[in-house]
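Contents: one structure, followed by commentary.
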Amino acid sequence: MGQELGFFFLYLVGCLAAGELIYQNFLIGLIFLSGYPFVRKAAKKQREGREDTKRAVQFKDALISIKASLEAGYSMENAVLMAVEDLSCIYPKDCFIRGEMERVGRAIANSVPVEEAFGNFAKRSGLEDAQSFAEIYRTAKKSGGDLLRVVSSSVTVITDKTELKKEIQTILTAKRMECRIMKLIPPGMILYFRLFSPGYLDILYGGVLGHLLMTVLLVAYLFLVWLMERITGIEI
């Protein structure tokens with residue numbers, strides 16, 4: 001609730017500032033409040049995307065630990081328990097992956113099949129990699145194949161895919177930072193002229209034609225902002 005109010009307050013301040021910069025009238029900025037649901041939805045989607053990436057990396061670390069234990073001769077059940085111990089050395093107690101892997105370990109200790117325990121984990125977390133791992137393990141177990149080889153192979157594929165996603169995400173993060181700087185340039189220029197060259201932009205604030213031109217420029221600016229968000233917001 002506090003986070004929601006904080007975001008709304010920042011958006012309100014931005015609207016008022018936009019009204020002053022574009023129309024030299026704070027109150028006109030209140031019109032921009034109509035766009036709050038769309039901005040909030042976009043911000044929520046970005047936050048969820050970052051959270052999913054973080055959880056995928058954590059799950060990758062859990063799989064690496066499980067793979068190492070299997071190669072050392074542990075059973076799958078014991079490998080999961082060993083992964084819980086390994087993760088406790090990497091992540092804090094309240095971390096997502098620690099809580100979920102502990103839950104998977106408890107389920108296995110209560111005679112829940114490994115594939116079902118991971119399937120339930122995938123449903124709770126929404127992680128595609130967890131669902132893939134559960135299905136691969138279930139298929140290998142039913143077919144009576146070499147579980148160690150199948151699990152090791154699937155862990156390697158999931159790990160490589162997660163690392164690739166992480167690298168792409170790093171590149172996109174850098175581009176998003178560049179876009180943020182580009183977004184600040186137009187309002188920054190207006191603010192600069194308003195502060196250091198008083199009267200230079202009066203023609204844009206003094207009549208219907210000036211207001212119309214500023215509105216057209218605002219629409220073009222918002223379109224470019226939307227376009228940049230679309231380009232840098234591609235799903236991996």
Side-chain angles (χ1 to χ4, degrees), residues 44-105 107-108 112-179 229-236:
K44 183 179 180 181
K45 185 177 180 180
Q46 286 184 355
R47 187 178 70 248
E48 289 176 349
R50 291 193 297 268
E51 191 65 26
D52 287 343
T53 301
K54 185 189 300 182
R55 291 181 175 184
V57 171
Q58 294 174 2
F59 181 63
K60 177 209 67 174
D61 292 336
L63 290 182
I64 291 175
S65 175
I66 290 174
K67 178 183 176 182
S69 297
L70 289 174
E71 291 175 345
Y74 288 89
S75 65
M76 187 60 180
E77 290 77 8
N78 289 329
V80 172
L81 298 179
M82 289 298 297
V84 173
E85 295 183 10
D86 291 341
L87 293 172
S88 65
C89 300
I90 304 174
Y91 295 106
K93 188 174 182 180
D94 58 346
C95 185
F96 157 81
I97 193 62
R98 278 192 61 180
E100 286 296 337
M101 287 304 296
E102 288 173 359
R103 192 168 178 177
V104 170
I108 293 174
V112 175
V114 174
E115 62 274 18
E116 183 178 339
F118 273 101
N120 294 334
F121 162 64
K123 292 178 182 178
R124 291 193 302 269
S125 63
L127 286 177
E128 180 183 348
D129 291 341
Q131 185 64 44
S132 298
F133 180 77
E135 291 177 358
I136 291 171
Y137 187 84
R138 181 183 294 109
T139 302
K141 194 173 182 180
K142 285 183 178 180
S143 62
D146 186 349
L147 284 178
L148 175 59
R149 184 180 62 81
V150 172
V151 170
S152 297
S153 177
S154 63
V155 168
T156 300
V157 171
I158 292 172
T159 299
D160 291 344
K161 185 178 76 170
T162 303
E163 286 296 329
L164 180 59
K165 282 185 176 181
K166 188 178 179 181
E167 291 178 8
I168 297 175
Q169 192 67 40
T170 301
I171 297 173
L172 288 177
T173 300
K175 294 302 178 183
R176 291 190 187 106
M177 182 59 67
E178 294 176 7
C179 289
E229 291 294 333
R230 289 280 294 181
I231 294 173
T232 59
I234 57 175
E235 294 186 8
I236 305 172

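Position 1 is the first residue of the sequence; numbering continues from there.
We find the CD1-CZ distance between I108 and F118 to be 6.0 Å, quoted to the nearest 0.5 Å. To the nearest 0.5 Å, the span separating CG on D86 from OG on S69 amounts to 6.0 Å. The structure places CE of M101 at 12.0 Å from SG of C95, a figure rounded to the nearest 0.5 Å. We find the CD1-CG distance between I231 and L172 to be 11.5 Å, quoted to the nearest 0.5 Å. I97 CD1 to E102 CD: the interatomic distance, rounded to the nearest 0.5 Å, is 10.5 Å. Taking CD of E128 as the reference point, atom CG of D52 lies at 10.5 Å (rounded to 0.5 Å).
Under a cut-off of 6.0 angstrom, the local environment of OH in Y91 is crowded, with over 12 non-hydrogen atoms contributed by other residues, nucleotides or ligands.
Between the side chains of E229 and Q46, a donor-acceptor pair is found at a separation under 3.5 Å.
Although no hydrogens or angles enter the test, the distance criterion places no donor-acceptor pair under 3.5 Å between the side chain of S65 and the main chain of D61. A distance-only check finds no donor-acceptor pair linking the side chain of N78 to the backbone of Y74 [under 3.5 Å].
Under a 4.0 Å N-O distance rule, the pair E51/R47 does not qualify as a salt bridge. For the pair D129 and K60, the salt-bridge criterion is not met [side-chain N within less than 4.0 Å of a carboxylate O].
In this structure, R55 is positioned above the aromatic face of F96, its NZ or CZ under 6.0 Å from the six-membered ring centre and within 45° of the axis.
Aromatic ring centres of F121 and F59: separated by under 6.0 Å.
Residues A62 and A83 share a closest heavy-atom pair of O-CB, 4.1 Å. Minimum interatomic distance between S154 and I136 (heavy atoms only, all atoms of both residues): CB-CD1, 3.7 Å.
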- List the steps and the verdict of side chain to side chain contact (heavy atoms under 4.5 Å, CB included) for E77 and V114. CA-CA 7 Å; E77 290 77 8; V114 174; 3.7 Å; yes

- Query: How far apart are the C-alpha atoms of T156 and K67, what are their side-chain angles, what is the distance that settles it, and do they pass the side chain to side chain donor-acceptor pair (under 3.5 Å) test?
  - Reply: CA-CA 9 Å; T156 300; K67 178 183 176 182; 2.9 Å; yes

- Task: Take M76 and Y137 through the test side chain to side chain contact (heavy atoms under 4.5 Å, CB included) and record every step on the way to the result.
- Result: CA-CA 10 Å; M76 187 60 180; Y137 187 84; 3.5 Å; yes

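For the pair Q58/E100, no side-chain contact is recorded, criterion being any heavy-atom separation below 4.5 Å from C-beta on. Within the 4.5 Å cutoff, no side-chain heavy atoms of K54 are placed close to those of Q169. The shortest side-chain heavy-atom distance between S88 and R98 falls under the 4.5 Å cut-off. The side-chain heavy atoms of I66 and V155, taken from C-beta on, include no pair separated by under 4.5 Å.
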